[in-house]
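Everything below concerns the one structure shown next.
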Amino acid sequence: MEDKENVKEENQESINRAIADEHIMFASRTMNESGIRSIENANKSYYRPANISSAQLSRLLNNPSSNVSALQDVSVKMTQLNGMLKEFINYKSLILTQDHYIYPTDSFKYKDKESIWKDELKVAQYLEKYGIKTLNRWLTKRLLQNGEVYIYKRETRDGIFIQEIPHKICKMFVLDEYGIFRYGVDISKISDKEINYFPEEIANAKARFNTTSDKSKLTDFVGNYYIVSDSGAAFQLNQWENKGLPYYLHLFAGLMNLSDAEALDNLSNKLDNYKLLHHEISKDKDGKMVMGADVVGAYHQAIKSVLPEGIAIVSTPMDLKSIPLGDNKLKTYEHSNNIKKAVYDNAGISDDLFNGNSKTNESTILSSIIDTLVPIEIQGFLEKWFNYELRQKFKKGGWRVKFIETSYYNKQKAIQSERENLAIYGSKKKYLATQGFSPLEALNILHNESLLDLEEYMQPMLTSHTISGDGGRPSNTDNPNSTSISEQGD
């Protein structure tokens with residue numbers, strides 16, 4: 001009887017453990033879906049900035065397409081340590097305002113104001129979850145730094161966040177009919193300690209890969225690469241390559257030369273302020289030292305022990321002469337400036353924007369317009385992706401998002417232009433977007449102000465142009481004594 005009771009208790013314990021394990025697995029999956037784990041492990045494994053010499057860099061640049069990963073590591077390292085490259089990337093990635101508005105491509109599907117207003121609000125609320133302006137700037141920065149970026153959309157009940165998948169284990173496989181790259185992940189390069197970093201879809205793919213003996217049955221694999229679903233998207237500047245190269249790759253050699261020149265300049269400055277004391281050892285008429293070597297050494301060490309930093313001593317019976325080999329300080333300074341100018345020229349960025357030596361405002365404005373061309377191209381890639389996401393989410397109306405190609409340099413001029421366009425039936429949505437309002441902000445502000453009837457409390461100030469009736473400027477008949485021609489009239 002006791003044995004049966006023990007067996008019954010053991011069975012109940014097994015059931016309880018199984019239930020507990022199931023709860024733990026569920027909680028783990030829920031945590032994976034709502035956040036990203038194992039970030040530190042993934043960062044250590046896939047993001048390793050590399051130190052490199054000029055000779056090593058030269059060998060990598062001889063065949064860039066075969067050294068993509070190493071050159072991306074160099075780009076990350078240089079972005080961290082080189083102020084010029086870091087500011088170039090920040091400047092290009094932040095120059096656009098990323099203002100945008102939404103519109104339906106098939107508005108005739110709607111029969112009344114209420115239905116189209118309701119759908120537009122839903123679309124605006126959905127786009128707001130992306131944090132488009134911040135997201136676009138970050139994606140642009142990653143594209144310029146690495147030449148490629150792989151993302152995965154993770155959507156939860158409360159919002160949407162975009163996770164970057166490490167570029168070292170990804171490559172592009174498909175350019176779909178919407179102009180969006182789809183990519184694959186090398187499952188063999190993901191270890192068990194890093195798996196929690198990745199979305200559940202990729203984790204499940206790794207589990208299937210490990211447990212399937214006949215790999216030919218895995219139709220969503222190409223070799224070791226799992227082809228990620230439409231939740232993943234990739235972007236690069238080289239349209240027909242499966243891997244992207246850092247955008248500022250051509251600047252690496254010049255930036256390294258500049259670092260060497262600055263190091264030489266620092267050394268030159270130290271030498272300019274360095275003093276050397278000559279302790280000349282006494283000699284007899286035959287040229288022999290009067291004091292013994294041990295005595296000379298003792299005096300040398302005694303003097304050396306009391307000298308401050310930046311002053312040294314040399315003890316010798318021979319005369320010392322300084323032989324300058326040209327004005328090294330001036331040449332080093334000119335050499336550094338020439339390298340800097342070459343870097344700016346190769347980057348296609350006016351040095352006036354960074355060093356404050358702008359000669360004319362017109363040249364600076366023209367340069368800033370040219371500097372937006374690549375960011376606008378990247379913005380176009382992202383616009384295609386957002387429109388694909390809207391197409392999948394909202395079937396009715398054909399809703400689209402449109403980005404305005406404005407920068408912080410021409411923002412005020414664009415606002416003025418759109419305000420003038422309103423007089424000839426320009427788009428009110430575009431005008432509000434140009435001012436910096438997101439679609440959701442614009443809709444809610446308009447609706448809120450309409451409900452509050454703010455126009456009732458914001459009447460125009462009374463002037464000679466707004467006063468009617470008996471007010472306003474007096475007529476000439478009311479002022480017959482006026483001698484002013486303008487007051488007398490015709």
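Note that the structure is a prediction, hence the values are computed from the model and not measured.
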Would the distance check show the side chain of [X] and the main-chain N or O of [Y] forming a donor-acceptor pair, the cut-off being under 3.5 Å?
{"X": "Asp176", "Y": "Tyr178", "answer": "yes"}
{"X": "Gln435", "Y": "Leu432", "answer": "no"}
{"X": "Asn82", "Y": "Leu85", "answer": "yes"}
{"X": "Lys215", "Y": "Phe221", "answer": "no"}
{"X": "Ser407", "Y": "Tyr409", "answer": "yes"}
{"X": "Thr372", "Y": "Ile369", "answer": "yes"}
{"X": "Ser188", "Y": "Asn224", "answer": "no"}
{"X": "Gln236", "Y": "Glu241", "answer": "yes"}
{"X": "Ser93", "Y": "Ile89", "answer": "yes"}
{"X": "Lys411", "Y": "Thr406", "answer": "no"}

Closest approach of [X] and [Y], non-hydrogen atoms and distance?
{"X": "Leu245", "Y": "Asn238", "result": "N-ND2, 3.6 Å"}
{"X": "Ala205", "Y": "Ile187", "result": "CB-CD1, 4.4 Å"}
{"X": "Lys129", "Y": "Gly159", "result": "CD-CA, 4.2 Å"}
{"X": "Ile95", "Y": "Lys92", "result": "CG2-O, 3.4 Å"}
{"X": "Ala203", "Y": "Ile195", "result": "CA-CD1, 3.7 Å"}
{"X": "Gly436", "Y": "Asp99", "result": "CA-OD1, 3.4 Å"}

Does the side chain to side chain contact (heavy atoms under 4.5 Å, CB included) test come out yes or no for Lys77 and Val74, once each step is laid out? CA-CA 5 Å; Lys77 186 72 172 182; Val74 172; 5.7 Å; no
[X] side chain near [Y] side chain, heavy-atom distance below 4.5 Å:
{"X": "Ile162", "Y": "Ile160", "value": "yes"}
{"X": "Asn146", "Y": "Val76", "value": "yes"}
{"X": "Thr79", "Y": "Ser75", "value": "yes"}
{"X": "Leu57", "Y": "Leu71", "value": "yes"}
{"X": "Thr434", "Y": "Thr97", "value": "no"}
{"X": "Leu255", "Y": "Met84", "value": "yes"}
{"X": "Val174", "Y": "Phe181", "value": "no"}
{"X": "Phe252", "Y": "Ile52", "value": "no"}

Sidechain N-carboxylate O distance under 4.0 Å for Glu155, Lys153: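 So Glu155 pairs with Lys153 through a salt bridge.
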Any salt bridge linking Lys168 with Asp186? Criterion: basic side-chain nitrogen under 4.0 Å from a carboxylate oxygen.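 Between Asp186 and Lys168 there is no salt bridge, as every charged N stays at least 4.0 Å from the carboxylate O atoms.
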What is the distance from atom [atom1] of [X] to atom [atom2] of [Y], rounded to the nearest 0.5 Å?
{"X": "Cys170", "Y": "Glu164", "atom1": "SG", "atom2": "CD", "value": "9.0 Å"}
{"X": "Trp117", "Y": "Asp112", "atom1": "CH2", "atom2": "CG", "value": "13.5 Å"}
{"X": "Asp119", "Y": "Lys395", "atom1": "CG", "atom2": "NZ", "value": "13.5 Å"}
{"X": "Glu120", "Y": "Ser107", "atom1": "CD", "atom2": "OG", "value": "10.5 Å"}
{"X": "Gln145", "Y": "Asn90", "atom1": "CD", "atom2": "CG", "value": "9.5 Å"}
{"X": "Leu390", "Y": "Arg400", "atom1": "CG", "atom2": "CZ", "value": "7.5 Å"}

Can you confirm whether the side chains of [X] and [Y] place a donor and an acceptor under 3.5 Å from each other?
{"X": "Ser417", "Y": "Glu420", "answer": "no"}
{"X": "Arg419", "Y": "Gln416", "answer": "no"}
{"X": "Ser229", "Y": "Glu201", "answer": "yes"}
{"X": "Gln98", "Y": "Asn136", "answer": "yes"}
{"X": "Ser438", "Y": "Glu128", "answer": "yes"}

Show your reasoning for whether side chain to side chain contact (heavy atoms under 4.5 Å, CB included) applies to Tyr101 and Val401. CA-CA 6 Å; Tyr101 60 96; Val401 60; over 6 Å; no
Measure up the His250 and Tyr248 rings against each other and bin them: parallel (under 30°), tilted (30 to 60°), perpendicular (over 60°).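 The arrangement is tilted - the two ring planes meet at 30° to 60°.
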Let me know which of Lys428, Lys429, Lys430 forms a salt bridge (charged side-chain N to carboxylate O under 4.0 Å, His left out) with Glu418.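 Exactly one pass, corresponding to Lys430.
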Suppose the criterion is ring pair (Phe, Tyr, Trp, His ring centres under 6.0 Å): which pairs have a residue in residues 130-155, not counting sequence neighbours?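 Ring pair (Phe, Tyr, Trp, His ring centres under 6.0 Å) check on residues 130-155 returns Tyr126-Tyr130, Tyr130-Trp385, Tyr130-Phe386, Tyr150-Tyr183.
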Is there a side-chain hydrogen bond (donor to acceptor under 3.5 Å, both in side chains) between Asp371 and Tyr91 once you walk through the steps? CA-CA 9 Å; Asp371 293 339; Tyr91 170 64; 2.6 Å; yes
Within 6.0 angstrom of [X] [atom1], more than 12 heavy atoms from elsewhere:
{"X": "Lys396", "atom1": "NZ", "value": "yes"}
{"X": "Asn63", "atom1": "CG", "value": "yes"}
{"X": "Glu177", "atom1": "CD", "value": "yes"}

If you draw the axis of the six-membered ring of [Y], does the NZ or CZ of [X] fall within 45° of it and under 6.0 Å from the ring centre?
{"X": "Lys171", "Y": "Tyr225", "result": "yes"}
{"X": "Arg182", "Y": "Tyr226", "result": "no"}
{"X": "Lys206", "Y": "Phe198", "result": "no"}

Check against side chain to side chain contact (heavy atoms under 4.5 Å, CB included), Leu144 and Ile378: CA-CA 10 Å; Leu144 294 174; Ile378 295 173; 4.3 Å; yes
Steps toward side chain to side chain contact (heavy atoms under 4.5 Å, CB included) verdict (Trp240, Leu175): CA-CA 9 Å; Trp240 301 111; Leu175 180 63; 3.8 Å; yes
Would you please name every residue forming a side chain to side chain contact (heavy atoms under 4.5 Å, CB included) with Ser58, sequence neighbours left out?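 Per chain and number, Ser58 pairs via side chain to side chain contact (heavy atoms under 4.5 Å, CB included) with no residue.
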